[in-house]
Amino acid sequence: MFRPTVPTNPTPTGAVIPLDARPTVSQEISEVAVTTPVPAAPAPSRPVVQLTPGALVALVGGGTAVVLVVGAVLVSMLLAVAVTAASVAVCAVVLRSLVTSYNRR
């Protein structure tokens, strides 16, 4: 029940090939292999990048600057959201106080 069975299909395309088919003269001529010389692989056109110590320091410094700038932008956005949330909370408390004092009068 759990053993898979592979179906046998002698011709996956569904084409029926007769057993007595013999190649004709035109088929025999077209099957002759033509040998051609294989060209050598081309040399790489791009030079290999080599980092000097100065370039490596500049690369690390640039990466550090990008990380610091992105971090400062994200922190400032978080601070702006926090200040907005606090001001909305203060406004809500003031409005609630005004509504309750108006209802008591």
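Residues take their numbers from the sequence shown, with the count starting at 1.
- One distance of note links OG1 of T84 with CG of L79; it measures 9.0 Å at 0.5 Å rounding.
- Under a 4.5 Å side-chain heavy-atom criterion applied to ILVMFWY residues, the cluster that includes V81 comprises that residue alone.
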Output a table of donor-acceptor pairs, distance under 3.5 Å, between side-chain atoms of residues 54-67 and any protein atom two or more places apart or on a different chain; print 'none' if there are none.
{"unit_1": "T64", "atom_1": "OG1", "unit_2": "V60", "atom_2": "O", "d": "2.8"}

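- Counting all heavy atoms, side chain and backbone alike, S97 lies closest to T100 at O-OG1, 2.9 Å.
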